[in-house]
There are 2 protein chains.
Amino acid sequence: MSTDPVSRYRRFSRAVTSEVGALDHSFLGRGRPLGTARVLNAIGHGRCEVAAIRDYLRLDSGLLSRLLRSLEAEGLITTAPDPQDARARIATLTEAGAAEFRAYEEISDQRATEALARHPRPEALLAAMDLVASALGRDRITFDEVDPRSEAARYCLGEYYAELARRFDTGFDVSLSRDPEATDMIAPRGSFLLAMSDGLPIGCVGLKGQGGPLAEIKRLWIAPSARGLGLSRRLMSEIEARARALRITTLRLDTNSALPEAVALYRNSGWREIDRFNDDPYPDHFFEKNL
Amino acid sequence: MSTDPVSRYRRFSRAVTSEVGALDHSFLGRGRPLGTARVLNAIGHGRCEVAAIRDYLRLDSGLLSRLLRSLEAEGLITTAPDPQDARARIATLTEAGAAEFRAYEEISDQRATEALARHPRPEALLAAMDLVASALGRDRITFDEVDPRSEAARYCLGEYYAELARRFDTGFDVSLSRDPEATDMIAPRGSFLLAMSDGLPIGCVGLKGQGGPLAEIKRLWIAPSARGLGLSRRLMSEIEARARALRITTLRLDTNSALPEAVALYRNSGWREIDRFNDDPYPDHFFEKNL
DNA sequence: GTGATTACCTGACTTATGTCAGCCATCATG
DNA sequence: CATGATGGCTGACATAAGTCAGGTAATCAC
């Protein structure tokens with residue numbers, strides 16, 4: 001029967017194949033072959049170096065060269081030698097090219113909007129899509145150091161606070177907690193890392209320092225769609241590396257027994273439990289680790 | 001930022017595009033163009049009539065004709081006029097064609113197995129994939145009348161019982177419940193319907209009759225991945241239509257307040273609550289509906 | 001500087017894909 | 001059995017996509 005894992009995976013594959021095919025087909029509507037349209041889109045999305053485009057679209061050097069030439073003939077792009085390395089070339093959209101790129105973007109947005117509108121439960125569908133996308137794109141997750149006041153960081157923190165509010169019996173009010181000053185989580189005092197998966201922030205962690213050898217780990221959060229991928233462990237080891245680079249020798253953190261995954265993670269990754277070191281109302285577990 | 005619904009949909013779309021592309025690419029490994037391979041696969045999956053293949057793959061009549069000819073030349077298929085209508089033609093795999101088809105199947109299975117093995121939480125990934133596939137394939141859901149002892153029906157019933165066991169405080173033991181005789185759920189006494197989505201059973205409902213004008217609705221179940229699509233309502237109206245066709249005039253059912261979605265569904269789709277009509281230990285709500 | 005390497009381009013192909021008009025055999029209808 | 005419709009095939013094209021062997025200019029290693 002078709003309820004075994006492989007059949008289910010293949011059913012998924014069939015379902016999305018027809019979606020993907022339909023999107024490709026609607027791209028044809030602008031009177032340009034698909035390959036050319038894809039190159040235009042790659043450039044629009046900021047892949048300007050010819051080598052980067054070739055790599056991304058897995059195109060033969062000769063073929064890409066011709067596609068670029070045809071876009072150039074249409075007046076949609078211009079190419080110029082890379083000032084760093086005059087052998088390489090950089091493609092940029094012209095005015096007309098940017099307009100054409102926006103038109104393709106519009107098609108994609110339109111299709112997405114329609115697909116979501118057809119579904120009575122878009123939030124559930126999107127949660128499932130996030131999970132699938134995070135799983136399939138697992139190897140391309142990057143860790144970016146950002147300002148904790150940036151939009152993406154604030155998004156993660158908002159999701160984190162909302163989750164604490166759901167999971168703590170008492171709810172969670174960030175103003176009652178010792179909210180770290182943002183500047184304590186920026187180099188050289190500290191750090192703030194985002195886990196990014198193809199543009200979507202799916203996790204974060206903060207390192208709050210005071211300039212001395214002692215610092216605190218704060219705000220470890222993984223998006224529900226990215227749980228089970230071993231991401232928290234990777235985020236923690238990444239932030240520990242940043243701490244070492246900042247000459248921090250001792251890390252502390254506090255957490256709550258309502259977050260058993262977190263407690264378990266710290267217990268089996270080299271942290272030892274210590275006495276309460278602050279009077280924050282929420283935490284009930286305290287850990288320390290020497291680097 | 002990229003956390004709005006459209007961006008999330010498009011991120012998903014990008015993620016699966018590269019998966020789909022990779023599968024297509026691996027099909028090329030058998031030294032046959034993709035179009036030809038697709039035709040072979042369509043035939044292998046039971047689409048024998050030339051018109052059906054053309055329709056499914058959205059191919060031009062002339063192009064398909066040529067692809068069929070090239071498969072014929074390779075000795076992978078034979079074509080013969082349809083005995084019903086000698087204008088139409090039927091394609092069938094030869095021995096070699098069947099072997100080649102299996103090789104393509106093997107590639108797909110292999111890729112699915114590898115993708116699942118890469119993931120530390122395949123069950124969660126598959127649940128999300130089921131949800132997405134059911135949502136995208138929503139318009140192609142069919143309702144099939146089957147024997148309740150068939151493999152697909154038994155799968156649904158098993159899932160149904162397991163869910164009851166999880167949701168009832170007391171657990172659920174099917175042997176304590178008045179399990180309908182399978183023959184009571186087969187025409188002409190009753191009926192058993194499966195909701196099928198591209199080969200996967202995603203819901204069921206039974207009509208248990210005794211030959212008279214009174215019958216009972218049993219075993220309404222929707223797979224978690226297909227909830228929120230309005231499927232239970234469609235299954236119910238479908239089974240009511242079958243009941244009418246069997247000259248049944250009054251329907252009854254029992255359910256449990258641990259299944260509030262079900263209770264709500266019955267309340268707002270024409271059922272009225274009645275007194276207990278059996279001594280089954282599990283139900284605590286009883287409904288009736290005149291057809 | 002010399003020679004090797006790199007990044008891209010061009011020309012000359014091949015193959016794949018798609019389109020269209022016209023053909024023939026068959027079928028439905030009266 | 002004449003008529004028109006249908007289903008598939010063929011020939012003649014056109015375009016898209018992919019491959020490969022040079023070629024040129026810039027860069028790198030020494």
Side-chain angles (χ1 to χ4, degrees), chain A residues 17 20-22 24-43 47-74 76-92 104, chain B residues 17 20-22 24-43 47-74 76-92 104:
Chain A
T17 297
V20 166
D24 281 357
H25 198 265
S26 65
F27 269 21
L28 256 32
R30 295 198 66 77
R32 197 171 288 111
L34 207 58
T36 320
R38 267 198 244 277
V39 173
L40 183 67
N41 275 292
I43 299 170
R47 253 170 267 267
C48 310
E49 304 91 353
V50 170
I53 302 169
R54 202 170 41 220
D55 207 47
Y56 177 60
L57 298 175
R58 291 192 197 124
L59 289 174
D60 175 81
S61 158
L63 179 51
L64 174 57
S65 188
R66 254 176 283 271
L67 296 177
L68 287 172
R69 219 76 322 116
S70 100
L71 285 170
E72 221 165 13
E74 278 194 89
L76 301 178
I77 63 165
T78 55
T79 58
D82 184 339
Q84 253 78 71
D85 179 346
R87 290 171 305 178
R89 294 186 77 90
I90 305 269
T92 42
Y104 281 111
Chain B
T17 297
V20 166
D24 281 356
H25 199 266
S26 64
F27 269 21
L28 257 31
R30 296 198 66 77
R32 196 172 288 111
L34 209 56
T36 319
R38 269 198 243 277
V39 173
L40 183 67
N41 275 291
I43 299 170
R47 255 171 267 267
C48 311
E49 304 90 354
V50 170
I53 301 169
R54 200 169 44 220
D55 209 47
Y56 176 61
L57 298 175
R58 290 194 198 123
L59 288 174
D60 174 81
S61 158
L63 178 52
L64 175 58
S65 188
R66 253 176 283 271
L67 296 177
L68 287 172
R69 217 79 323 115
S70 99
L71 285 169
E72 221 164 14
E74 277 194 89
L76 302 179
I77 63 165
T78 56
T79 59
D82 184 339
Q84 254 78 70
D85 179 346
R87 290 170 304 181
R89 294 187 76 93
I90 305 269
T92 42
Y104 281 110

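If you're wondering where the values come from, they're calculated on a predicted model, not measured in any experiment. Proteins come first, then strands; the chains are lettered A, B, ... in the order of their sequence lines, and each starts at number 1.
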In sequence, state the C-alpha distance, the side-chain angles, and the governing distance for B:I53 and B:L64, and then conclude on side chain to side chain contact (heavy atoms under 4.5 Å, CB included). CA-CA 8 Å; B:I53 301 169; B:L64 175 58; 3.9 Å; yes

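One atom, CG of B:L64, and another, C1' of D:dG8, lie 9 Å apart when rounded to the nearest Å. Distance CD1 (A:I90) to C1' (C:dC8): 13 Å, rounded to an integer number of Å. For the pair A:L28 CG and D:dA17 C1', the interatomic distance rounds to 13 Å; values are reported in whole Å. Computed from coordinates, the B:L71 CG to D:dC9 P distance equals 12 Å when rounded to whole Å. B:R54 has its CZ atom 10 Å from the C1' atom of D:dT6, to the nearest Å. Taking atom CD of A:Q84 as the reference point, atom C1' of D:dA25 lies 18 Å away to the nearest angstrom. If you measure from atom CG of A:D55 to atom C1' of C:dA7, you get 13 Å, rounded to the nearest angstrom. Rounded to a whole Å, the CG atom of B:D85 is 8 Å from the P atom of D:dG8.
The shortest distance between side-chain heavy atoms of A:V39 and A:L59 falls below 4.5 Å. Side-chain atoms of A:E74 and A:R32, non-hydrogen and from C-beta on, do get closer than 4.5 Å to each other. B:L34 places a side-chain heavy atom less than 4.5 Å from the side chain of B:R38.
Contact annotation: A:R89 reaches the phosphate of C:dC9 (side-chain N/O to OP1 or OP2, under 4.0 Å).
Atom CD of B:E72 is separated from atom OG1 of B:T79 by 3.5 Å, given to the nearest 0.5 angstrom. To the nearest 0.5 angstrom, B:I77 atom CD1 is 8.0 Å from B:T92 atom OG1.
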N/O to N/O distances under 3.5 Å, protein versus nucleotides 10-17 of chain C:
from   : atom 1 : to    : atom 2 : distance (Å)
C:dT10 : OP2    : A:R69 : NH1    : 3.3
C:dG11 : N7     : A:R66 : NH1    : 3.0
C:dG11 : O6     : A:R66 : NH2    : 2.6
C:dA12 : N6     : A:R66 : NH2    : 3.2

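Distances from the side chain of B:R87 to the nucleotides C:dA7, D:dG7, D:dG8 place D:dG7 closest.
With DNA chain D read from its 5' end, the first of the two nearest nucleotides for A:P83 and A:L59 is the one closest to A:L59.
The main-chain N or O of B:A51 is never found under 3.5 Å from a side-chain atom of B:D55 such that the two would form a donor-acceptor pair.
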